[in-house]
Amino acid sequence: MTTTWEISGEYAEACNCDVACQCVWMEAPDDDHCTAALAWNITDGGYGDVDLSGRRVGMLIESDEGVMFDPSTQWDVVLLVDDEATDEERAAIEDIYLGRAGGIWAPVADGHFRSTEVATAPVEFAVDGDRTTVSFGDDMEMDVVERVGFNEEAGTVSPHPLTADLTMKTGESRSATVSYDDRFQWDVGGNNAYICDFELTNA
Amino acid sequence: MAPGFAARVLPEGRHERRVVALGVYAAALVAWLSMLGRWLPMPSSNMAMDMTDPGVPEAMATGSGPTGWALYLLMWGVMMVAMMYPSSVPLVSMYHRTLDGRGRGERLLRVGAFLGSYTLLWTAVGVVPLAANYAVPVSRVASSGIFIGVTLLLLAAYQLSPYKERCLDHCRTPLGFLLTHSRPGVRGAARMGLDHGAYCLGCCWALFAFMVVVGTMNLVWMAGITLVLSAERTVSWGDRLARTVGVAAGVAGVAVLAATAVGVA
């Protein structure tokens, strides 16, 4: 099996950290654990011959206590796929995001994923100027805006691994709720958010 | 990893990954054996000089022209493989894992490019002790208490500096390195090797400077320093070990300088 994958598009995340998430600096998150919702709108790319443009992907992460990227810290993960994806597209997305097909998800899944579930939901993903709104059915909802600093320029944070140039725009969530299963229940609006155009690949 | 997930995942490269890890360890082992067995050619064979004495390999090399420099760099490169490869295995294995989905040939080519550029960088660093020796022969000043004391204080200062800590953080989190330094293609792999080498250099240059002063080919010091730098880079208490080594070097440095000043040494 030799499958190259390459996807790009729009990305947003919202988590329980105050502005800004300190996990990228290898510090423990606020409250010493991480509850994060991530969302990708794939506008271009695919997995081998499977075209993934137009697909939407979400991920819910709840980590053990402690520094999120410490080797011993385990995460429980739910992968959300838009309900318009075909079986083949969903399988491709699972292979990529659950780390079975190389790229950065492979060592992340190896080192941190304790449990994984996959669910499908109807998805809204809209970018309007500095504002991104996302919903995956009733499972996840976020409404995030870019934070601007001096000269009205969006703040940036680096290094963040989920984009090719490692730079994310800093944002704040107007709202950020997750309601999936008993273990994934949170309402962390008013906290950290990151926004970027993403590019990920195992090429 | 949940059993349900593990059962469904059969990464194609799992067996190959073990072979790659064993290969890296084997390369380090061969490098150690070649040091122990003195298989490496050296310019001139003046039996009056002992290769393990401070400054002797450098003096032999700088005294033998371009051939001497080249042979010294070869020796230095082999020494680096012996000392640095073992603690790089976690990163190499993890990098190999990110290449699942690529063909076998390409995976091995990229891992080779990664290790190759890493090794070349470290080999090139051997120019530094040679050039320093060209200016001030270590063999002539190695018995000077001031020289040894100052080297120890330099080591102590660097071990306790924030730069050391920052480089160690990178070495200790191979996942973090991959997440932030991954680049596509074979050239990207070579570039990652250089990046990784630069952080290792940041971790270890002061220890190597110390090693040159006590004797580049002194196997006892080589083994001790390898243990220290490997632990620093891989275990969770590595930063405390680095600071302990720094404090010990500082105390030893002050003691040597004080003894020199009062004329004991």
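Every chain is numbered from 1 and lettered A, B, ... according to where its sequence line falls, protein lines coming before strand lines.
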Mark yes when over 12 heavy atoms from residues, nucleotides or ligands other than [X] sit less than 6.0 Å from its [atom1]; otherwise mark no.
X: B:Arg191; atom1: CZ; answer: no
X: A:Gln185; atom1: CD; answer: yes
X: A:Asp138; atom1: CG; answer: no
X: A:Trp186; atom1: CH2; answer: yes
X: B:Arg183; atom1: CZ; answer: yes

**Complete:** When B:Thr180, B:Leu175, B:Leu179, B:Leu178 are each screened for side chain to side chain contact (heavy atoms under 4.5 Å, CB included) with A:Ile104, the one that passes is B:Leu179
**Asked** Considering only heavy atoms from C-beta outward, does the side chain of A:Arg100 approach that of B:Asp100 to under 4.5 Å?
**Response** no
**Message:** Looking at B:Arg97 and A:Asp110, is any side-chain nitrogen of the basic one under 4.0 Å from a carboxylate oxygen of the acidic one?
**Reply:** yes
**Item:** Option that, when pairs with chain B are counted at under 4.5 Å, heavy atom only, ranks first among A:Leu162, A:Leu166, A:Asn202
**Value:** A:Asn202
**Heavy-atom proximity to chain A below 4.5 Å, by part of B:Arg110** = side chain
